[in-house]
Amino acid sequence: MKSVRPEPPPAHHAIRAAIAAIPQGRVANYGEIARRAGLPGRARLVGTVLREAPSALGLPWYRVLRADGRIAFPPGSKAFREQVRHLAGEGVLVRGGRVDLAVHGWERDVDHLLWGPPAQTGKRKSARAES
DNA sequence: GCCCTGACGTGAA
DNA sequence: ATTCACGCCAGGG
């Protein structure tokens, strides 16, 4: 017998879990979440789930950005500003609606361990001792 | 069931 | 840095 109230597909659950797993102060892109959820290539599905997911679920939706580190909402929109606000509250700086994934990206850590710290290609304007 | 849209990603021009 | 085309596929009309 069919359940009178069809539960959401497992994929949705996996995606929510992946989003919930983003550490505070870090951000991840849609594709990355999809991968973590075992759904490579389904970045769009992540967006769909987030759209359906009420913020009441307690999901850190604001930690999810596009692949280029850009916020997925139209600049200036309500949601946009709120996302920026939330991120700023966690110490994630947003410049021009954009977050530096090389600094706050979740997966950044892994790259670091595999490839080592990014060599300064000489773009840096002023080298300064970081914390 | 077809068609269009979309909190996306990637590669090419 | 921008723009375009495509791939992907769940939802809603």
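Below, read A as the first sequence line, B as the second, and so on, with proteins coming before strands; counting in each chain starts at 1. Please read these numbers as outputs of a predicted model, since none were measured by experiment.
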Any residue of residues 64-85 of chain A with a heavy atom less than 4.0 Å from an atom of DNA chain B: Arg66(A), Ala67(A), Ala72(A), Phe73(A)
Identify which nucleotide among dC8(C), dA7(B), dA1(C) has an atom closest to any side-chain atom of Arg44(A), counting heavy atoms from C-beta outward. dC8(C)
Specify the separation, in whole Å, of atom CG of Leu101(A) and atom C1' of dG9(B). 13 Å
Backbone N or O of Gly76(A) within a donor-acceptor pair of the Arg81(A) side chain at under 3.5 Å? yes
To the nearest Å, give me how far apart CD1 (Ile15(A)) and P (dC8(C)) are. 17 Å
Which of dC8(B), dA7(B), dC9(C) is nearest the side chain of Ala43(A)? It is dC8(B)
Quick one: does Arg63(A)'s side chain have a donor or acceptor within less than 3.5 Å of a partner on Ile22(A)'s backbone? yes
Separation of atom CD in Glu32(A) from atom P in dC8(B), rounded to whole Å: 16 Å
Pairs of donor and acceptor atoms involving the side chains of residues 37-48 of chain A, under 3.5 Å and at least two apart or interchain, shall be tabulated with distances.
| from | atom 1 | to | atom 2 | distance (Å) |
| --- | --- | --- | --- | --- |
| Arg42(A) | NH1 | Pro40(A) | O | 2.8 |
| Thr48(A) | OG1 | Arg44(A) | O | 3.1 |

Among Val103(A), Val99(A), Val94(A), side-chain contact (heavy atoms from CB on, under 4.5 Å) partner for Val27(A): Val99(A)
Starting at OH of Tyr30(A) and ending at C1' of dG9(B), how long is that distance when rounded to a whole Å? 12 Å
Please tell me if the side chains of Pro23(A) and Trp106(A) come closer than 4.5 Å, counting only heavy atoms from C-beta onward. yes
Below 4.0 Å: OP1/OP2 of dC9(C) and any side-chain N or O of His12(A): no
Does a distance-only test, which skips hydrogens and angles, find a donor-acceptor pair under 3.5 Å between the side chain of Arg42(A) and the base of dC9(C)? no
Report yes if the side chains of Val92(A) and Tyr62(A) come closer than 4.5 Å at any heavy-atom pair, otherwise no. no
Round to the nearest Å and state the distance from Trp61(A) atom CH2 to dC8(B) atom P. 14 Å
From CG of Leu50(A) across to P of dA10(C) the rounded distance in Å is 16 Å
Rounding to a whole Å, what distance do you find between Leu45(A):CG and dC9(C):P? 10 Å
Test your reading of the model: is there a side-chain donor-acceptor pair from Gln83(A) to the backbone of Val64(A), 3.5 Å cut-off? yes
